[in-house]
There are 2 protein chains.
Amino acid sequence: MNESVSDENFLDCPFASVQKVVRGKWSMVILYFLSQRVLRFGELNRKMPMVTQAYLTKELRLLEEYGLVNRKVYPQVPPKVEYSLTPLGEKFLPVLKALENFAVDCQDYQA
Amino acid sequence: MNESVSDENFLDCPFASVQKVVRGKWSMVILYFLSQRVLRFGELNRKMPMVTQAYLTKELRLLEEYGLVNRKVYPQVPPKVEYSLTPLGEKFLPVLKALENFAVDCQDYQA
DNA sequence: CGGCATCCAATTGGATACTG
DNA sequence: CAGTATCCAATTGGATGCCG
């Protein structure tokens, strides 16, 4: 069900391969905030108070695994962890921009 | 695009309002095929054999509800139903294009 | 042909409490 | 401060069968 996308009737569908990035409920918002600047875990969480810290951790781990987010741990007490976009993460920004434009279009249509 | 999402108006966040479109596992693939041409239900299903018809129906209904897809029923026997993009659906295409580009970037990074 | 209804499995999202 | 660990609720995805 996972990697066997060699269905000949199917495509070399690029969407299937990247959709996982966009599926997490808050992943795009995370990427948006990190595109503005490097953020510590607590800072990011405060910008997204509707997300529990446990879930924020999970999504950050996923984005890290996908190679879009970098996690830098400072060996201190108390701990300090900074999150930032990787070069690949930066390459996702045009998608965010396109989605932003689309959101505007949506509002126009509702008016 | 900078200050439109300040630290507190996360609810105005355009991504949150639009993410539902992109969450369905196959919604982007559906939109991609429909961007190529108008398709009957069966045609679309044959292009996506990994999706059961019941689920394809569900996603199409959602995309219709979101205003991206138009469903045209021909009152015939046997039934004929054609799906196409609405004007709003067309406006989603830049997002698909951006995602496509990103998919290419992903592959570059894996190499 | 293009559904719908039903039921079920899997995945996701989230609350809460505890920790180095 | 930035997490784990656990448990649970909600949502999603999917199989199967019937219908006009």
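Atom set for the values below is all heavy atoms of this structure, side chains included, hydrogens, waters and symmetry mates excluded. Naming convention: chains lettered A, B, ... in sequence-line order (proteins, then strands); numbering from 1 in each chain.
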Residue whose nearest DNA chain C nucleotide is more 5′ - B:Val81 or B:Arg23
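First, find each residue's nearest nucleotide; the 5'-ward one identifies B:Val81.
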With a sphere of 6.0 Å drawn around NZ of B:Lys72, does it hold more than 12 non-hydrogen atoms of other residues, nucleotides or ligands?
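At most 12 heavy atoms, drawn from other residues, nucleotides or ligands, come within 6.0 Å of this atom.
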Do A:Val73 and A:Phe41 belong to the same hydrophobic cluster, where Ile, Leu, Val, Met, Phe, Trp and Tyr are linked whenever their side-chain heavy atoms lie under 4.5 Å apart, directly or via other members?
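Looking at the clustering, A:Phe41 is in the same group as A:Val73.
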ILVMFWY network linking B:Phe15 to A:Tyr109, side-chain heavy atoms under 4.5 angstrom:
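Yes, it is one cluster - the side chains of B:Phe15 and A:Tyr109 are joined through contacts under 4.5 Å.
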Using a cut-off of strictly less than 4.0 Å, decide whether [X] has a side-chain nitrogen or oxygen near OP1 or OP2 of [N].
X       : N     : result
B:Arg71 : C:dG2 : no
B:Arg40 : C:dC1 : no
B:Tyr83 : C:dC1 : no

With rounding to the nearest 0.5 Å, note down the distance linking CD1 in A:Ile30 to CE in A:Met28.
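Going from the CD1 atom of A:Ile30 to the CE atom of A:Met28 covers 11.0 Å.
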Nearest whole Å is fine: how far is [N] [atom2] from [X] [atom1]?
X       : N      : atom1 : atom2 : value
B:Phe41 : C:dC1  : CZ    : C1'   : 9 Å
B:Arg46 : C:dG2  : CZ    : C1'   : 12 Å
B:Tyr74 : C:dC1  : OH    : P     : 17 Å
B:Gln53 : D:dG17 : CD    : P     : 13 Å
B:Leu60 : D:dG14 : CG    : C1'   : 16 Å
A:Lys72 : D:dA2  : NZ    : P     : 14 Å
A:Lys58 : D:dC8  : NZ    : C1'   : 11 Å
B:Gln76 : D:dG20 : CD    : C1'   : 15 Å

Which part of the nucleic acid, if any, lies within contact of B:Glu59, taking any heavy atom under 4.0 Å across all strands shown: a base, the sugar-phosphate backbone alone, or nothing?
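Sugar-phosphate only.
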Output, in order, the C-alpha distance, side-chain angles, deciding distance and verdict of salt bridge (Lys or Arg N to Asp or Glu O under 4.0 Å) for A:Glu65 and A:Lys20.
CA-CA 11 Å; A:Glu65 181 187 325; A:Lys20 61 180 189 299; over 6 Å; no
Candidates C:dC1, D:dA15, C:dG3 - which lies nearest the side chain of B:Thr57:
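Within the option list, the nearest is C:dG3.
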Donor/acceptor link under 3.5 angstrom from B:Lys25 side chain onto base of D:dG14:
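Donor-acceptor pair under 3.5 Å: no.
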Of A:Gln19 and A:Val73, whose closest DNA chain D nucleotide lies nearer the 5' terminus?
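Of the two residues, A:Val73 wins.
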